[in-house]
Amino acid sequence: MSPVSAVSAGFPGTVRSFSPRWARQLVAVTPGEPDPLAARFITDPRTHGVRVPRDVKKQLKG
C-alpha cells in the first residue's frame with residue numbers, strides 16, 4: 001500500500017483503489033513562520049490537490 005502520489009507516470013504495475021475509499025489528513029509542521037518556499041509547499045496541495053499521472057487515473061477509474 002502506498003499513497004497515489006507515490007506512483008509515478010509509467011508505473012509498470014497495477015494500481016487499484018480501496019473500497020471503501022481511504023482518506024487521511026496531510027499535516028505540515030514548521031518551527032514558526034514558514035519561509036516563502038515552505039509556504040508554497042504547504043499551500044500548493046491545499047489549493048491544487050495532489051497530481052496523479054493520467055495513466056494512473058485511468059487504472060483507478062477502471
Quick one: salt bridge (charged side-chain N to carboxylate O under 4.0 Å, His left out) partners of R54, sequence neighbours excluded? none

Salt bridge (charged side-chain N to carboxylate O under 4.0 Å, His left out) partners of D44, counting only residues at least two apart: R40

Which atom names give the shortest non-hydrogen contact between [X] and [Y], and what distance separates them?
| X | Y | value |
| --- | --- | --- |
| P53 | A9 | CG-N, 3.4 Å |
| V15 | F11 | CG2-CD2, 3.8 Å |
| Q59 | R16 | O-NH1, 3.2 Å |

List the atom pairs, donor and acceptor, that lie under 3.5 Å between side-chain atoms in residues 27-35 and the rest of the protein, sequence neighbours left out.
unit_1 : atom_1 : unit_2 : atom_2 : d
T30    : OG1    : G32    : O      : 2.7
D35    : OD1    : L37    : N      : 3.0
D35    : OD1    : A38    : N      : 2.9

Verify the neighbour count for atom CZ of F41: are there more than 12 heavy atoms of other residues, nucleotides or ligands below 6.0 Å? no

